[in-house]
Amino acid sequence: MDQTEHAEAQLAEVELLLSMFPSQEELEVEQVAYAELRAYVEGTADCPPNTRPELCVKIRTHTGVDVSLSCTYPSDYPAVLPEIVVRCGELSRAQHARIVSDLRSFLRESCTGDVCVLSAVDWVRDHTHEYLEVEDDSAKGAAETQCPETFTRLWIYSHHIYNKSKRKNILEWAKELQLSGFSMPGKPGVVCVEGLQAACEEFWARVKVLTWKRIMIRHREDVPLGPAGQSAESLRRFDGFEETAFDPHGNRGNHMDLGQFFQFLSERGCSQIFQLYFGVEGR
């Protein structure tokens, strides 16, 4: 499929979903992206959309549990899977990580090359109760033999972070999980989160399943907490979580001043991280 065919398939799926879920309480579609997509397909716009289509379907499962399914289309969807986020207040962190992983496996096996949001909606509606009812034996065993909590700091590297939806998710998830740190968009993209280990692992589980050219944990720090150890708050290097920028430049404004970034890290006692990311000593 070429770019025009991708756009036609995306528009057809959005309009099908709008016909099936006519209420905004059931389906929210980002209107600017939808208008740009429709104009491009109908030939009233010469250029492909600048904004990627985003939509959120509100699902009531067969057992009465409310789940929301948020999707963002990559430009070459449906040749590749969309970025999908599942939200359900009834799911534990472990259950949430499993349902997202299993949903993506199902879509890869069943829908690659075809539009798949409706299939994802049906799968979530049919299977969410399984994750609520079945406890993971290994998780139960781990809880019974729980070790002292651990403070964790993850240093995440991405080839680039441009997408507004991803940037929004990073900010919202870090705050939801009570993590501090920062996100530096651009090329490359850098994210640092710090807090209780379980919250950091949950953040990474959510972020890594989004569509990335390349993303990895470049470095991690783990410090046991306990009666004789330091408190989590005393170990934090950052106040809250924020998106940072350092004199953006370049043709797309996507490169940061690395000297300023090194100074930012140094002020927080993290200067050694610069060499881990870029292979040279900062200055």
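As the structure is a prediction and not an experimental result, all values here were calculated from the model. Computed from heavy atoms alone, side chains included, the values below leave out hydrogens, waters and symmetry copies.
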Taking a hydrophobic cluster as the set of Ile, Leu, Val, Met, Phe, Trp and Tyr residues connected by side-chain heavy atoms closer than 4.5 Å, whether directly or through intermediates, do [X] and [Y] fall within one such cluster?
{"X": "Tyr73", "Y": "Trp212", "answer": "no"}
{"X": "Ile156", "Y": "Leu265", "answer": "no"}
{"X": "Val117", "Y": "Val80", "answer": "no"}
{"X": "Val65", "Y": "Val124", "answer": "yes"}
{"X": "Val190", "Y": "Ile170", "answer": "no"}

Give, for atom [atom1] of [X] and atom [atom2] of [Y], the distance between the pair rounded to the nearest 0.5 Å.
{"X": "Arg237", "Y": "Glu267", "atom1": "CZ", "atom2": "CD", "result": "13.5 Å"}
{"X": "Ser110", "Y": "Trp123", "atom1": "OG", "atom2": "CH2", "result": "10.5 Å"}
{"X": "Ile161", "Y": "Lys187", "atom1": "CD1", "atom2": "NZ", "result": "13.5 Å"}
{"X": "Ser119", "Y": "Leu103", "atom1": "OG", "atom2": "CG", "result": "10.0 Å"}
{"X": "Glu130", "Y": "Gln95", "atom1": "CD", "atom2": "CD", "result": "12.0 Å"}
{"X": "Asp76", "Y": "Gln3", "atom1": "CG", "atom2": "CD", "result": "9.0 Å"}

When [X] is tested against each of [options] for side chain to side chain contact (heavy atoms under 4.5 Å, CB included), which residue passes?
{"X": "Val207", "options": "Asn169, Val191, Ile215", "answer": "Ile215"}
{"X": "Val85", "options": "Cys71, Ser165, Ser70", "answer": "Ser70"}
{"X": "Arg153", "options": "His219, Gln197, Glu194, Arg236", "answer": "Glu194"}

Would you say that more than 12 heavy atoms from the other residues, nucleotides or ligands in this model lie under 6.0 Å from the CD of Gln178, or not?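 For Gln178, atom CD is not crowded (no more than 12 foreign heavy atoms under 6.0 Å).
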Give a yes or no on whether Gln24 atom CD has more than 12 heavy-atom contacts from other residues, nucleotides or ligands under 6.0 Å away.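 No, not enclosed.
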Any side-chain heavy atom of [X] within less than 4.5 Å of one from [Y]?
{"X": "Leu177", "Y": "Arg206", "value": "yes"}
{"X": "Val29", "Y": "Pro53", "value": "no"}
{"X": "Tyr40", "Y": "Leu11", "value": "no"}
{"X": "Leu225", "Y": "Leu235", "value": "yes"}
{"X": "Ser266", "Y": "Phe274", "value": "no"}
{"X": "Phe246", "Y": "Leu258", "value": "no"}
{"X": "Met184", "Y": "Phe264", "value": "no"}
{"X": "Glu243", "Y": "Leu171", "value": "yes"}

Testing the basics here: between [X] and [Y], what is the closest heavy-atom pair and its distance to 0.1 Å?
{"X": "Tyr157", "Y": "Pro188", "answer": "CE1-CB, 3.5 Å"}
{"X": "Cys56", "Y": "Lys58", "answer": "SG-CE, 3.7 Å"}
{"X": "His6", "Y": "Ala79", "answer": "NE2-CB, 3.7 Å"}
{"X": "Cys200", "Y": "Val193", "answer": "SG-O, 4.1 Å"}
{"X": "Thr51", "Y": "Glu36", "answer": "N-OE1, 3.1 Å"}
{"X": "Leu16", "Y": "Ser19", "answer": "O-OG, 2.6 Å"}

List the steps, then state whether side chain to side chain contact (heavy atoms under 4.5 Å, CB included) holds for Ile84 with Val100. CA-CA 8 Å; Ile84 293 181; Val100 170; over 6 Å; no
Is there a donor-acceptor pair under 3.5 Å between the side chain of [X] and the backbone N or O of [Y]?
{"X": "Glu13", "Y": "Cys116", "value": "yes"}
{"X": "Ser101", "Y": "Arg98", "value": "no"}
{"X": "His96", "Y": "Val86", "value": "yes"}
{"X": "Lys166", "Y": "Thr211", "value": "yes"}

Is the ring pair Phe238/Phe182 parallel, tilted or perpendicular, if the boundaries are 30 and 60 degrees?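 Phe238 vs Phe182 ring planes: tilted.
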For Phe203 and Trp173, take the angle between the two ring planes, folded into 0 to 90°, and tell me which bin it lands in: parallel under 30, tilted 30 to 60, perpendicular over 60.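 Rings of Phe203 and Trp173: perpendicular, as their planes differ by over 60°.
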Can you check side chain to side chain contact (heavy atoms under 4.5 Å, CB included) on Tyr131 and Glu90, steps first, answer last? CA-CA 10 Å; Tyr131 297 85; Glu90 303 292 329; over 6 Å; no
Under 3.5 Å, is there a donor on one side chain and an acceptor on the other for Thr63 and Thr61?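 Judged by distance alone, the side chains do pair up.
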Could you check whether Glu221 and Trp155, counting side-chain N and O atoms only, form a donor-acceptor pair closer than 3.5 Å?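 Yes, a side-chain donor-acceptor pair sits under 3.5 Å.
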Between Arg220 and Glu201 (salt bridge meaning N to carboxylate O under 4.0 Å), is one present in this structure?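 A salt bridge links Arg220 with Glu201.
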Is Lys164 salt-bridged to Glu54, going by a charged N under 4.0 Å from an acidic O?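 Salt bridge absent between Lys164 and Glu54.
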